[in-house]
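As the structure lists them, so they are numbered: ligands from 1, and atoms in each ligand from 1.
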Amino acid sequence: MIEQLNNLKETAISQIKEAKNADDLEAVRIKYLGRKGEMAKVMGLISSLPDSEKPAAGRLINQVKPLLEEEISKKQKSFTLAEKQNPQSKKDLTMPGHRFESGHTHPITQTISDICAIFRHMGFAVVEGPEIETEHNNFEALNIPLNHPSRDAFDTFYIKNEFLLRSHTSPVQVRYMTKHKSPLAIIVPGKVFRPDAVDASHSFMFHQVEGLMVDERVSLAHLRGVLFEFCRQLFGEDIKLRFRPHFFPFTEPSAEVDVSCIICKGAGCSVCSQKGWLEILGAGMVNPKVFKAVGIDSEKYTGFAFGMGVERIAMLKYGINDIRLFFENDIRFLEQF
Ligand code: PHE
């Protein structure tokens, strides 16, 4: 047994030395040190030895095994070194390493932060409100009467007694004015919910950015100035703005605001349906009834408010023709931003 072990050691060492490459070496390692290798076989024989020989054999095995392991690791190092020093080596060690793929913010998140950044520079504070609202904040305080279609169960996700998924970001006006009074200038990004059938331009969940400014002598001219500056910064210097009379219960007067088509510059194209204008938001002067609901003196203070759809703005800005792309999480789409 002792002799057998010594022979095994000698042949193993010479085979390790003869190995020409890492694959050879690995084969030798498995042959001798593998689970079913030569060393394992010899160890299996120990139990059949007479007791008097067992300790010596065990001792020898405990010496041979680490010796072989060391020889193998020495040889391995010599291969790696040779590889590094060999000018013909296929490996180019000056190549950059593997880059980790890093993600980035979603195009809607980016658009929201672009919008907020512009208003922040004009002095607006960014605030948020809850997605589950009370009927009071979402409707009553905003002067939306009981018979208004948006209060219908088919037009709103009701949860239970008085609670619903907010259908717009305007209830945050109510929350903020109730707490902070005047003067104030805020911008409110967030999710809103309407049970619309999903198609290329509708989704049951989308994002809005609400704006609100209240102070003494705030006028429609301020609203127009702020929105004009916003559109110039978002869409470009040569943009034009148009106010069309409209109706919202919480603003009076109210308007829908269009920008000159950013694709055709107003000449008429398929994006603007040949009109030359694109509707981007709703706006108006805060209705005195809303001030009354939040306890602000409408004799002393006036204000303007506006609300825009973020998906719509992102679609116009990036030339996207289907709102569903934002929510499908297809990496091929998202990677482009
Ligand atoms: N809340 C309105 C909507 O969702 C938008 C709006 C906000 C209009 C503020 C006027 C003032 O359609």
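No side-chain donor from either of Ser167 and Asp155 sits under 3.5 Å from a side-chain acceptor of the other. Side-chain contact of His136 with Glu162: a donor-acceptor pair under 3.5 Å is absent, judged by distance alone.
Within the 4.0 Å heavy-atom cutoff, Arg194 counts among the residues contacting ligand 1. Taking a 4.0 Å cut-off on heavy atoms, Met308 fails to register as neighbouring ligand 1.
Annotation for ligand 1: atoms under 4.0 Å from non-hydrogen atoms of Phe306 are 7 (C), 9 (C), 11 (C). Of all the atoms in ligand 1, the ones that sit under 4.0 Å from a non-hydrogen atom of Ser170 are 1 (N), 7 (C). Contact atoms of ligand 1 toward Phe250: 1 (N), 2 (C), 6 (C), 7 (C), 8 (C), 9 (C), 10 (C), 11 (C) (distance under 4.0 Å to a heavy atom of the residue).
Counting heavy atoms from C-beta on, the side chains of Glu135 and Phe163 never come closer than 4.5 Å. In this structure the side chain of Phe206 never reaches within 4.5 angstrom of the side chain of Lys191, judged on heavy atoms. Between Leu223 and Phe228, the closest side-chain pair of non-hydrogen atoms is not below 4.5 Å.
Checked by distance only, ligand 1 and Glu210 stay at 3.5 Å or farther apart across all their nitrogen or oxygen atoms. Below 3.5 Å of separation, one finds no N or O of Ser167 facing any N or O of ligand 1.
Gly307 CA, 4.1 Å is the protein heavy atom nearest to atom 5 (C) of ligand 1.
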Please evaluate residues His246 and Phe248 with respect to the criterion ring-ring contact (aromatic ring centres under 6.0 Å, His included), reporting the C-alpha separation (whole Å), side-chain torsions for both, the decisive distance (0.1 Å), and the verdict. CA-CA 7 Å; His246 195 73; Phe248 295 106; 5.0 Å; yes
